[in-house]
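Structure first, then comments.
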Amino acid sequence: MHYISTNKQAAPALLQHAVLKGLAEDGGLYMPASIPALPASFFEQLHQLSLQEIAFTVASAFLHEDVPSHVLRPLVEEVLNFDIPLVEVEKDIYSLELFHGPTMAFKDVGARFMSRLMAYFTQDKSDNLKVIVATSGDTGSAVAAGFHQVPGIQVYILFPKGKVSPLQQKQLTTWGDNITAMEVEGTFDDCQRLAKQALADNELNREHLLTSANSINIARLIPQSFYYFYAFGQLQQQGKPVVFSVPSGNFGNLTGGLLAAAMGLPVHRFIAATNANDVVPKYLETGIYSPRSSVQTISNAMDVGSPSNFARMKALYNGEQEQFRQHITGYTFTDEETRKAIREVYLQYGYLLDPHGAVAYSGAKRFLSESSTPAIGVFLETAHPAKFKEVMEETLGEAIAIPARLQEFAGKQEHNVPLKNSFDELKAILSEA
Ligand SMILES: *Cc1c(COP(=O)(O)O)cnc(C)c1O
């Protein structure tokens with residue numbers, strides 16, 4: 001299978017090229033040239049299949065020409081060595097808990113899959129692969145966890161000094177080995193600019209194998225379709241339409257769901273649930289897409305003003321707003337509404353929503369209350385609430401427990417390299433070894 005750029009100006013690429021390059025040469029995002037349909041027998045068996053079996057079938061449909069089964073099967077099993085439970089929160093509303101991986105955010109799924117594919121595609125290369133990632137918090141730690149101690153790969157994380165939470169900083173800086181965490185004197189935008197400059201630098205590219213681990217990589221997108229099948233399978237026998245509400249920032253998670261639907265999963269509707277950064281809900285309402293600077297909210301991983309995966313959604317729907325509207329409903333929620341949902345769900349059902357999951361829960365709830373046909377709402381719970389301890393405690397007025405997996409980080413030694421906001425300094429570090 002070939003991968004084509006959403007800008008249509010770059011040559012079709014093989015998977016290896018798309019994964020190792022990240023972004024296409026024309027600045028577009030890679031999409032599979034065609035989306036494989038899965039057979040009816042797969043959907044009939046879905047409720048009996050494990051997450052790993054589903055993931056292998058879906059991954060094979062895309063990758064079987066590029067990665068042999070005897071490599072792909074153990075790869076998928078290792079990536080998903082944790083469960084993604086579907087928990088009933090209240091009647092007809094379920095939480096799909098995507099936070100049981102090593103860094104306790106859904107980005108573990110995509111980052112772990114990508115890291116193993118990159119390792120596979122570079123195993124016969126003599127040079128180390130240098131992976132650069134700019135992060136405002138969650139992405140860097142998921143990428144570090146995915147690549148830690150993977151042979152032949154060196155990871156460079158750029159994070160803004162003083163602008164990530166103390167726990168997030170621990171999750172970025174305590175790995176050691178092949179992970180270098182750089183604390184940049186600047187903002188997240190500066191980190192992103194430095195990363196882009198490095199990836200585009202001719203001299204660095206001549207001497208080193210460089211790539212980006214940001215969410216534009218197709219190897220992060222494909223695995224984000226697996227769990228939609230898994231959740232759907234568990235609800236299938238209730239015979240009601242299923243809607244998925246996805247807390248969205250760059251829209252990679254939701255686009256994973258659209259891939260699942262394009263492969264034949266009969267999802268009734270997707271809900272694009274956002275915070276105040278509502279360019280996609282606005283587009284669905286008005287037909288006008290106007291990206292702008294992001295505003296800060298308590299669901300900070302969704303503070304994106306120009307969602308990168310919009311280009312992929314547009315490619316799936318040939319740029320037609322009517323097609324978008326047939327599949328996706330957009331809702332936006334304020335921080336006040338998000339906090340209210342956290343409080344109400346905790347008081348009524350004893351379930352702790354994190355701020356991102358609370359936006360998605362609110363989306364599912366609103367859709368069901370406005371819908372004339374009875375349906376089941378599944379919201380994607382993308383991070384463990386303890387990752388946002390300060391917001392949670394302020395909202396609930398009580399202390400929340402920190403799981404052992406997060407506490408482990410708190411006790412570890414930080415190794416961070418201070419970096420001035422200067423490309424020359426970064427280049428010197430990348431040029432070593
Ligand atoms: C990244 C992230 C999101 C947003 O996902 P996108 O794929 O960018 O839309 C939502 N919640 C959490 C906790 C995240 O880390």
Side-chain angles (χ1 to χ4, degrees), residues 29 84 95-111 113-114 133-146 159 164-165 167-168 171-172 188 192 213-225 227-228 244-260 270-281 291 294 297-313 328 330-333 338 342 352-363 379-389 391-392 406:
L29 276 65
I84 300 183
S95 171
L96 183 60
E97 295 187 348
L98 294 165
F99 57 75
H100 295 277
T103 71
M104 310 204 90
F106 93 98
K107 291 190 175 74
D108 281 327
V109 177
F113 190 80
M114 177 181 66
V133 59
T135 185
S136 57
D138 286 340
T139 300
S141 52
V143 167
F159 71 94
V164 300
S165 80
L167 197 54
Q168 280 176 324
Q171 285 189 297
L172 293 171
F188 170 61
Q192 215 159 15
N214 281 328
S215 70
I216 49 166
N217 200 301
I218 187 72
R220 281 182 61 182
L221 186 70
I222 290 171
Q224 287 171 188
S225 67
Y227 38 76
Y228 289 91
F244 283 101
S245 180
V246 189
S248 296
N250 268 320
F251 282 79
N253 206 1
L254 194 140
T255 306
L258 300 182
L259 279 188
F270 290 95
I271 295 157
T274 71
N275 58 30
N277 297 283
D278 61 350
V279 292
V280 171
S294 62
T297 74
I298 57 167
S299 45
N300 64 312
M302 290 151 58
D303 294 349
V304 179
S306 177
S308 51
N309 281 287
F310 189 74
R312 286 196 169 114
M313 296 161 82
I328 309 171
Y331 293 128
T332 165
F333 299 94
T338 305
I342 293 173
L352 264 191
L353 298 166
D354 96 289
H356 306 79
V359 170
Y361 166 86
S362 305
F379 66 94
L380 276 54
E381 207 358 320
T382 45
H384 191 287
K387 289 194 88 163
F388 310 95
K389 182 176 186 288
V391 173
M392 295 302 298
L406 290 179

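Order of appearance sets the numbers: ligands from 1, and atoms from 1 within every ligand.
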With Ser225, which residues qualify under side chain to side chain contact (heavy atoms under 4.5 Å, CB included), at least two apart?
-> Val58, Phe229, Leu259, Ala260
Kindly write out the residues that satisfy side chain to side chain contact (heavy atoms under 4.5 Å, CB included) with Ala311, not counting sequence neighbours, or none if the list is empty.
-> Thr6
So, do Leu167 and Lys389 sit near enough that their side-chain heavy atoms are less than 4.5 Å apart?
-> no
Identify every side-chain donor-acceptor pair in residues 379-386 under 3.5 Å, counting partners at least two apart or on other chains, and give the distances.
| residue | atom | partner | partner atom | Å |
| --- | --- | --- | --- | --- |
| Glu381 | OE2 | Asp354 | N | 2.9 |
| His384 | ND1 | Ala386 | N | 2.9 |

Distance (rounded to the nearest 0.5 Å) between Met302 CE and Thr274 OG1 | 6.5 Å
Aromatic ring proximity Phe244/Tyr228, centre distance under 6.0 Å = yes
For ligand 1, output the ligand-protein N/O contacts shorter than 3.5 angstrom; if there are none, return none.
| residue | atom | partner | partner atom | Å |
| --- | --- | --- | --- | --- |
| ligand 1 | 7 (O) | Gly252 | N | 3.0 |
| ligand 1 | 7 (O) | Asn253 | N | 2.9 |
| ligand 1 | 8 (O) | Asn250 | N | 2.8 |
| ligand 1 | 9 (O) | Gly249 | N | 2.8 |
| ligand 1 | 9 (O) | Asn250 | N | 3.3 |
| ligand 1 | 9 (O) | Phe251 | N | 2.8 |
| ligand 1 | 11 (N) | Thr382 | OG1 | 2.8 |
| ligand 1 | 15 (O) | Lys107 | NZ | 2.5 |
| ligand 1 | 15 (O) | Asp138 | OD2 | 3.1 |

